[in-house]
Trainee: 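Dropping the structure in here first, questions after.
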Amino acid sequence: MIRTSSAAPHAEGLPVGAEKRRVVRAMFDRIAPRYDALNRLFTLGLDQRWRRLALDSIGVGAGDLVVDLATGTGDLAELACARGARVIGVDSARGMLRGAQRRGMRAALVQGEVERVPLPDAAASAVVCGFSLRNFVALDRVLAEMARLLSSGGRLALLDVDVPRSRIVRFGHSLYFERVVPKLGALLSDRAAYRYLPRSVSYLPPRDDLLAEVRKAGFEAVEHRTLLFGTAQLITARRTST
Ligand SMILES: C[S@@+](CC[C@H](N)C(=O)[O-])C[C@H]1O[C@@H](n2cnc3c(N)ncnc32)[C@H](O)[C@@H]1O
């Protein structure tokens, strides 16, 4: 089993394995009520633009069956529904799913782990996953589950944060992400959660390793797009024909 990152050393004190699963679920249950508002605030609304871009880049529309893994409060699910797709959202945190339910969208919502989604093989034409890769305990298992869920040629879109490559951008971004965000997060929501947020980036494998993991799981045409000077990333891919 490959932990979320097989290469990057995790920031000291971050949980791993079963403890990580427990901590992450409890944390998202706690922050669920203000999750959407703080996302919009911290990204100045860019998070929704990136979700739209993710759906655009794999052409989600009517006729698709989209599985939104780690759907949270359903931002991606709602946008996919608005395009006429049928959507199934899966998440382990009951509090986050309650937020998704409150939207009153047509998506089916399932409480469960993304490593074991209760759907048959090749059920989906598209799988999406927003800002969650670093929260998984074993990324290779989740990627394998994404491949299992997709029909041959099915499309994948993964969004997450990233570490900017430019030293200047990295400096400015780290001031914001590691100082401002935790302080505001503590004031408006939950201190521990918004301390974890910037540190959790260290769970992500370096870009090349991450793309290699996606290919290894059974994907081709793997593409990486850098968003906002490298502070976020979008990976798209196609399920290899079997
Ligand atoms: C940062 S939120 C992202 C939510 C949403 N996708 C978005 O774009 O805002 C991460 C989500 O991953 C979920 N999550 C983390 N590990 C999970 C797992 N193993 N199975 C299911 N959901 C998981 C959390 O409960 C949380 O809702």
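Note that this is a predicted model, so its numbers are computed, not measured. When a ligand or atom number is given, it counts from 1 through the structure's own listing order.
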Trainee: Can you tell which of Val214, Leu158, Val114 makes a side chain to side chain contact (heavy atoms under 4.5 Å, CB included) with Met146?
Mentor: Leu158

Trainee: About how many Å separate CG of Asp162 and OG1 of Thr231, when rounded to the nearest 0.5 Å?
Mentor: 8.0 Å

Trainee: Is a donor on one side and an acceptor on the other found under 3.5 Å between the side chain of Arg51 and the backbone of Leu79?
Mentor: no

Trainee: To the closest 0.5 Å, what do you measure between CG (Asp75) and CG (Asp36)?
Mentor: 5.0 Å

Trainee: Hey, could you give me each pair passing ring-ring contact (aromatic ring centres under 6.0 Å, His included) that has a residue in residues 14-42? Not counting sequence neighbours.
Mentor: Phe42-Tyr194

Trainee: Polar pairs, ligand 1 vs protein, N/O only, below 3.5 Å.
Mentor:
residue	atom	partner	partner atom	Å
ligand 1	6 (N)	Ala70	O	2.7
ligand 1	6 (N)	Gly130	O	2.9
ligand 1	8 (O)	Arg51	NE	3.0
ligand 1	8 (O)	Arg51	NH2	3.2
ligand 1	8 (O)	Gly130	O	3.4
ligand 1	9 (O)	Tyr35	OH	2.7
ligand 1	9 (O)	Arg51	NH2	2.9
ligand 1	19 (N)	Glu113	OE1	2.8
ligand 1	19 (N)	Glu115	OE1	3.4
ligand 1	20 (N)	Glu113	OE1	3.4
ligand 1	20 (N)	Val114	N	3.0
ligand 1	22 (N)	Ser92	N	3.2
ligand 1	22 (N)	Ser92	OG	3.3
ligand 1	25 (O)	Asp91	OD1	2.6
ligand 1	27 (O)	Asp91	OD1	3.2
ligand 1	27 (O)	Asp91	OD2	2.7

Trainee: Thinking salt bridges, do Arg155 and Asp64 make one under a 4.0 Å N-O criterion?
Mentor: yes

